[in-house]
Enquirer: 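Structure in structure tokens, see below.
First the proteins, then the strands, lettered A, B, ... as listed; each starts at 1. All figures in this text were calculated on a predicted structure; none of them were measured in a lab.
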Number of protein chains: 2
Amino acid sequence: MTAKNKAAVEKMQQTHRDWEEADYAGPCPVRDVLDRIGDRWSVMVVLRLSGGPIRFRALLRSVDGISQRMLTTTLRALERDGLVDRTVFDTRPPAVEYSLTPLGESLLDPLSLLAEWAMDHHEQILKARKNFDK
Amino acid sequence: MTAKNKAAVEKMQQTHRDWEEADYAGPCPVRDVLDRIGDRWSVMVVLRLSGGPIRFRALLRSVDGISQRMLTTTLRALERDGLVDRTVFDTRPPAVEYSLTPLGESLLDPLSLLAEWAMDHHEQILKARKNFDK
DNA sequence: CAGTATCCGGCTCGATACTG
DNA sequence: CAGTATCGAGCCGGATACTG
């Protein structure tokens, strides 16, 4: 582990301890963010939105396997947290465009690193699983 | 977004497209890793383990709110994926130590960045929520 | 097109009790 | 101490039908 990571981990642990001791009303930030992006679809949606503004129906098609209901729910949650912007065009039929806010864009930073880790180590993980299962 | 991130995002998107087109047997790596660390406890456990080897009972105490069942389940899943090592000492009463494997250590890298993002932007998220709810 | 409404099956997870 | 076994509530999320 690099020195930079070590510092980050320590910061994270310290924050977690502080949260426990101080008995805050709100949730631990790490827990909170993890709960948000840890669901089945959020990351995939954010990923698609990183390509620029896109309409509801197009998103529905491009995020593989997602239902209409879950796309709506996911987008609403992301909008609520200030990660996504929703723009309604008053046309017939109605058009709605979704895009990342600057806050949402900033999330691409850690997310892309995580995705890279996933891609770089996926083989190793699959191997470990196969070995464990026998 | 920095050029480095842009490249990472594009790599992620490309990988995702490849996966869809190729109809692989296995899951998309990003989905797969997200499913694994996206659960309620994995990240918190990995975080605790970053402090060095620790025994089951100590982990149970230090990961706030986790049940015995979920700690066992979570540790087993992490072990299966090759992120965690389990060492049994043949004493009375028995002692078991858990620690991160090199692969697990490498996960601290993206995880710490994500945690930092969470801590740095939590306030902004809470504000966005409050504003959205009214 | 972009949603909302309703229904409901499955799976996660917590509580509790028990074992080597 | 370090687990496993069993049960059951809750909620996540899919399917389907309907609306402005």
Enquirer: Using only side-chain N and O atoms of B:R76, determine if any of them is under 4.0 Å from OP1 or OP2 of D:dT4.
Expert: yes
Enquirer: Just name whichever nucleotide pairs with C:dG9, Watson-Crick or G-U, keeping both distances under 3.5 Å, else none.
Expert: D:dC12
Enquirer: Measure from NZ or CZ of A:R76 to the centre of the six-membered ring of A:W41 and say whether it is under 6.0 Å with the direction within 45° of the ring axis.
Expert: no
Enquirer: Between D:dC12 atom P and A:I66 atom CD1, what is the distance in whole Å?
Expert: 15 Å
Enquirer: Atom CG of B:D35 and atom P of D:dG13: how far apart are they, to the nearest Å?
Expert: 10 Å
Enquirer: Look at the side-chain N and O atoms of B:R86 and state whether any lies under 4.0 Å from the OP1 or OP2 oxygen of D:dG3.
Expert: yes
Enquirer: Can you tell me the distance, in whole Å, between the CG atom of A:L75 and the P atom of C:dG3?
Expert: 8 Å
Enquirer: Between A:Y98 and C:dC1, is there a contact of a side-chain N or O with OP1 or OP2 at under 4.0 Å?
Expert: no
Enquirer: Please step through salt bridge (Lys or Arg N to Asp or Glu O under 4.0 Å) for the pair A:R31 and A:D35, ending with a clear verdict.
Expert: CA-CA 6 Å; A:R31 259 263 63 84; A:D35 284 345; 3.2 Å; yes
Enquirer: Ignoring hydrogens and angles, state whether a donor on the side chain of B:S106 or B:D109 is under 3.5 Å from an acceptor on the partner side chain.
Expert: no
Enquirer: Side-chain contact test, heavy atoms from C-beta onward, threshold under 4.5 Å: evaluate it for B:D39 versus B:S42 and give yes or no.
Expert: yes
Enquirer: Quickly work out the B:L71 CG to C:dG14 P distance and round it to whole Å.
Expert: 11 Å
Enquirer: Between C:dG3, C:dC1, D:dG3, which nucleotide has the shortest distance from any of its atoms to the side chain of A:Q68?
Expert: C:dG3
Enquirer: Could you note down all residue pairs passing side chain to side chain donor-acceptor pair (under 3.5 Å) where residues 77-88 of chain B supplies at least one of them, sequence neighbours left out?
Expert: A:R129-B:D81, A:D133-B:R80, B:R86-B:Y98
Enquirer: Report yes if the side chains of B:L107 and B:I37 come closer than 4.5 Å at any heavy-atom pair, otherwise no.
Expert: yes
Enquirer: All N/O contacts under 3.5 Å from nucleotides 10-13 of chain C to the protein, with atom names and distances to one decimal?
Expert:
{"residue": "C:dC13", "atom": "N4", "partner": "B:R69", "partner atom": "NH2", "Å": "3.3"}

Enquirer: Could you state the CG-P distance from B:D64 to C:dG14, rounded to the nearest angstrom?
Expert: 12 Å
Enquirer: When both hydrogen-bonding distances must be under 3.5 Å and the geometry is Watson-Crick or G-U wobble, what is D:dC7 paired with, if anything?
Expert: C:dG14
Enquirer: In this structure, how many angstroms lie between the C1' atom of D:dG3 and the CZ atom of B:R61, rounded?
Expert: 15 Å
Enquirer: What nucleic acid atoms does A:R55 come within less than 4.0 Å of, heavy atoms only: base, sugar-phosphate, or nothing?
Expert: sugar-phosphate
Enquirer: Looking at B:V96, B:T74, B:L75, which one forms a side chain to side chain contact (heavy atoms under 4.5 Å, CB included) with B:L59?
Expert: B:L75
